[in-house]
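Values below: every heavy atom of this structure, side chains too, minus hydrogens, waters and symmetry copies. Owing to the predicted nature of the structure, the values given are computational and were not obtained by experimental measurement. Throughout, a chain's letter reflects where its sequence line sits, starting with A, and its residues are numbered from 1.
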Amino acid sequence: MSRYEPKAIEAKWQAAWDAAGTFTARRDPLKPKYYVLEMFPYPSGRIHMGHVRNYTMGDVVARYKAAQGFSVLHPMGWDAFGMPAENAAMERGGHPKEWTYGNIADMRAQMKPLGLSIDWSREFATCDPEYYGQQQAMFIDMMEKGLVYRKNAVVNWDPVDMTVLANEQVIDGRGWRSNALVERRELTQWFFKISEYSGELLAALDGLKDWPEKVRLMQANWIGKSRGLQFAFDTVGAPAGFAQIEVYTTRPDTLLGASFAAISPDHPLAKSLEATNPEIAAFVAECRRGGTSAEALETAEKKGMDTGIRVAHPFDPAWELPVYIANFILMDYGTGAIFGCPAHDARDFEFATKYALPIKPVFVAEGAEETALAEAFVPLKSEKVRYVRGFAGSDLQTGDEAVNAAIAHCESKGIGKGVTNYRLRDWGVSRQRYWGCPIPVIHCAACGVVAEKKENLPVKLPDDVTFDIPGNPLNRHPTWAATICPNCGAAARRETDTMDTFVDSSWYYARFTSPHAATPTVAEDADYWMNVDQYIGGIEHAILHLLYSRFFARAMHATGHLPAKAIEPFNALFTQGMVTHEIYTSMEGVPRRDANGEVVTDQMVRQVYHLPEEVEGLLPGKEPRTFLTSEVEAYLAANPTAERTDAYTFLAQNGRRVYITPSAKMSKSKKNVVDPMNIISAFGADTARWFVMSDSPPERDVEWTASGAEATFKHLSRVWALCSRIGEMPADHKGEGDDALRRATAKAVHEVTQGIEGFAFNKAIATLYGFTNTLAKANASTPAMKEAIRTLAQLMSPMTPHIAESIWTYQGGTGICAQAPWPKADPALLVDDTVILPIQINGKRRAEISVAADMPAAEVEKIALANEDVIKFLAGQPVKKLIVVPGRIINVVV
RNA sequence: GCGGGCGUGGCGGAAUGGUAGACGCGACAGACUCAAACUCUGUUUCCUCACGGAGUGUCGGUUCGAGUCCGACCGCCCGCACCA
């Protein structure tokens, strides 16, 4: 064998796998199936290290499961609709379609050299009409099932870009792209009825045993179940039609502490009053302004306005409460109206204090007496408290008990009823954008909103659009929207909204089971391949994508597109950490200019970022770091917003000092990125794959370091050299220690298997390092050495498949390593004949003895007490207790 | 504010309640070399010449035995944030 040259062998083996169709997924009735899926990428055009880590993890699992005898499905596709393509078209011209498909081609070309075991014949992009046409078909099916509907909703409207913005696209009240002040507009929007499944989506979380606890918790909080009482106040002095106000409360036990009622500025009553009362109109308008994330930061101040209307307390018609319009009441939770109990709610307390409303405690701490409150008293509902103004249940009870008693009491008196509420809202999917899946409905003057006929699908996006003016190109296209009503045949107009791109990613996992079918799914395929056995992706999708997918699987089942067993589509979920890198900055002088462009002062210092490869002073082993210097301190003093840099080195090119900030997520703006393509061309894909799996546990962030990548390459080169050496051993070499080597091999098999099974890839790799060292030092017979290195190749193959194939073939392995059955460890070889037992005296290790593994405890005791060191440390003291844990440890207590 | 997670060498990190620091990086020493790089061999938690002692954020508890379990505190990270 010659030198280790990854470029040559990697291309060779990738071609060999392709030619043999090694990774083509097939329905095989004789094998158990295994479906591994990594969250598919957005085709930005370049892969990054995060992709490498994500897809390598999935690949390790896929290759391992294939070797275990599973029929593996490991597909790849593209989450290809979305705003960036339109933004690119607006900024640089061109068409989103060309931009997107061009990026897909580029990214595929960058991914292929990684040698992933992907069945590329199943590849698709969500912007393929074949894909989104099926999505439209399901949309229509869901309309029929009542899972899709239209309603008016308040949205963030960007008046410049003329589109709806998601909450996270609104920054400080302005559109993230246009910088225009965002307006709250009420528009008719399409919604998926995810709230219909609130209870089920919450309850089913308990069954997702192989999901991270954190994700389940985040989803549970997001769904936000609450149990409370809904009842009506009779009004006094309200306009016609508002004889009653429905309120919802989770603390009906505090009804006797009520001091006011409050309604949302968006409540129908508020709207009615606004029409006739200019003062109220002004207040309500003020509340509606902003209304985005900025406001939350700006001020938590509670504001309200007394409407003059009064309501009667349900327990005592003579007791009247004022009705306020308050800025902190949300219209779309509960009924949009509340009763305020300031004593036991922080918000109500703040409000009552401001408007001098009464604050009467309903309960006090167990054993305490009623006193004036300086702040709201809000103990856990599980805590026992003493009710001083209770009306149901015993005086001494927990909040939970009191709530239940209060609901029962009120229901028996005919005052309202117990209600379960959820925080989860219906999913608004309308987007006034071009590059998305068209909503397949038609607006007819006579028939209203009508679904397109299925035989007319897909409703394709027109190609002849321009992006030179803001707004939705579909809306201003001269002919596209013009169509005929599928119902009456009259001239009608297409819906010009497209779907949120989260819809596209809510069912792609199901489509992979029959990616080119003429229906969304095919029953036999979905039945065989679903569910996804292992899903891998970023924690950032913990809520939206994963919750939408869970909803969609249920909706697909309801419309006959998925079997019942697939309503929870992902059996196991793994969320991987990010790839991080140090950040390098230097200070650069820039002239400061006034408004006319005239230079005012010579220089001001600016922080500029540098790519890792620009920082040549960072030579390994040169200890380039020094702690804070006065220069850095001076810079920081002059630039209070600058990030604190705590170390520096030198930029070799011009001698400028470079400051190092600790690792952060790789990002283009900070230039702390390492291009996977550079790594692959320098060291090969196997090095990149091995490195991203080593060192850190996969759920945690991994720091990319140049020295770490080099170390990996060196290690693979050593394995290569070791393989050559073993290959050149004379066939009749006897050596010694065959048995020990077999034991070491069995142990390695066991530990690597455990490591992969448990998603502890870093530990599996640590084992492989250790085993390689053992093998390198061994002097066993030639057959034993060959067997050991073949096993090493197999154990390495999920991580470094190319070098593994070369070693396998060179050492006489049969067929393709990727298809060889995973090695099994002989249990007999995992147990050592003799064990070393440490001896503790009073819990401190003092000696050790070597005994037969199966030696009876009584005999072990004898040997331990006869040990020289033990005798020395005991110094004649009597032994109080002697603990022998077989195969583990001995503890002598004196 | 609420919820969750995490604190182990110079660094990334290992340790079913049973020898703390596997494995890797870095560092140090030696071999090879005219020399350096590469490569190979070895050392590397701290204190102590040594014997020995201390040690997993801090304090306390349970246990024959605690990084691991329990309680309080400190620090860091993440998620949610007017949800009545």
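- A:Leu217 comes within 4.0 angstrom of the backbone, heavy atoms only, and of no base.
- In this structure, A:His541 places its NE2 atom 13 Å from P of B:G79, rounding to the nearest Å.
- The aromatic ring centroids of A:Tyr324 and A:Tyr355 lie less than 6.0 Å from each other.
- Distance check, rounded to the nearest 0.5 Å: CZ of A:Phe691 to CZ of A:Phe683 gives 10.5 Å.
- Between A:Asp332 and A:Arg425 there is a salt bridge, with a side-chain nitrogen of the basic residue lying less than 4.0 Å from a carboxylate oxygen of the acidic one.
- Nucleotides B:A14 and B:G21, compared at atom C1', are 7 Å apart to the nearest Å.
- Nucleic acid contact for A:Ser694: none, since no nucleic acid atom lies under 4.0 Å from a heavy atom of the residue.
- With a 6.0 Å cutoff to the six-membered ring centre and a 45° limit on the axis angle, A:Arg3 does not count as a cation-pi contact of A:Trp720.
- Each of A:Val893 and A:Lys844 was assigned the nucleotide of RNA chain B with the nearest heavy atom; the assignment lying further toward the 5' end belongs to A:Lys844.
- Note on A:Arg216: nothing from the nucleic acid sits closer than 4.0 angstrom, heavy atoms only.
- Here B:C83 presents its P atom at 17 Å from NE2 of A:His267, a figure rounded to the nearest Å.
- A:Ser226 has a side-chain polar atom (N or O) that falls below the 4.0 Å cut-off from OP1 or OP2 of B:A84.
- The phosphate of B:C83 (OP1 or OP2) has no side-chain N or O of A:Asn221 nearer than 4.0 angstrom.
- Using atom P as the reference point in both B:C11 and B:G60, the two lie 26 Å apart (nearest Å).
- When the C1' atom of B:G3 is taken as reference, atom CD of A:Gln219 falls 15 Å away, rounded to whole Å.
- Across every strand in view, B:C38 sits unpaired, with no contact that passes the Watson-Crick or G-U test at under 3.5 angstrom.
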Self-check item: Test log, rule side-chain hydrogen bond (donor to acceptor under 3.5 Å, both in side chains), inputs A:Gln230 and A:Glu246
Solution: CA-CA 7 Å; A:Gln230 187 174 323; A:Glu246 284 279 338; 3.1 Å; yes
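- Pair check for B:G26 finds B:U44; Watson-Crick or G-U wobble, both atom distances under 3.5 Å.
- Nucleotides B:C38 and B:U44 have their P atoms positioned 23 Å apart, rounded to a whole Å.
- Residue order along RNA chain B, read from the 5' end via each residue's closest nucleotide, puts A:Ile543 first among A:Asp348 and A:Ile543.
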Practice problem: Going 5' to 3' through nucleotides 11-21 of chain B, assign each nucleotide B (protein heavy atom under 4.0 Å from a base atom), S (under 4.0 Å only from sugar-phosphate atoms) or - (no protein heavy atom that close). | Solution: -BSSSB-BB--
Practice problem: Would you check, one step at a time, whether the test side-chain contact (heavy atoms from CB on, under 4.5 Å) holds for A:Arg227 with A:Ile407? | Solution: CA-CA 10 Å; A:Arg227 171 88 181 150; A:Ile407 291 173; 4.2 Å; yes
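- Within 4.0 Å of A:Ile539, counting heavy atoms only, lies no atom of the nucleic acid at all.
- The pair A:Arg347-A:Glu350 does not meet the salt-bridge criterion, since no charged nitrogen lies less than 4.0 angstrom from a carboxylate oxygen.
- With its glycosidic angle within 90° of 0, B:G9 adopts the syn conformation.
- Across the protein-nucleic acid pair, A:Phe691 atom CZ and B:C23 atom P stand 18 Å apart, rounded to whole Å.
- On the P atoms, B:G12 is 32 Å away from B:A81, given to the nearest whole Å.
- A centroid separation of 6.0 Å or more is found between the aromatic rings of A:Phe231 and A:Tyr248.
- Applying the 4.0 Å criterion to OP1 and OP2 of B:G24, one finds that A:Tyr769 has every side-chain N and O outside that range.
- With a cut-off of 3.5 Å on both pairing distances, B:C82 has no Watson-Crick or G-U wobble partner at all.
- Per the geometry, CD belonging to A:Glu375 stands 12 Å off C1' belonging to B:G1, to the nearest Å.
- Partner assigned to B:C73 is B:G57, using Watson-Crick or G-U wobble distances below 3.5 angstrom.
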Self-check item: Residues A:Tyr333, A:Ser226; criterion side-chain hydrogen bond (donor to acceptor under 3.5 Å, both in side chains); working and verdict
Solution: CA-CA 11 Å; A:Tyr333 186 79; A:Ser226 71; 2.9 Å; yes
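- Rounded to whole Å, the distance from CG on A:Leu716 to C1' on B:G24 is 13 Å.
- Nucleic acid contact for A:Asn421: none, since no nucleic acid atom lies under 4.0 Å from a heavy atom of the residue.
- In this structure, A:Lys880 reaches neither bases nor backbone, as no heavy-atom distance under 4.0 Å exists between it and the strands shown.
- Atom name C1', nucleotides B:U43 and B:A36: the rounded distance is 23 Å, in whole Å.
- Both distances falling under 3.5 Å, in either a Watson-Crick or a G-U wobble arrangement, occur for no nucleotide opposite B:G67.
- What separates CH2 of A:Trp720 from P of B:U39 is a distance of 18 Å, to the nearest Å.
- In this entry the distance linking NZ of A:Lys777 with P of B:C40 reads 11 Å, nearest Å.
- As rounded to the nearest Å, B:U8 and B:U58 have C1' atoms that lie 15 Å from one another.
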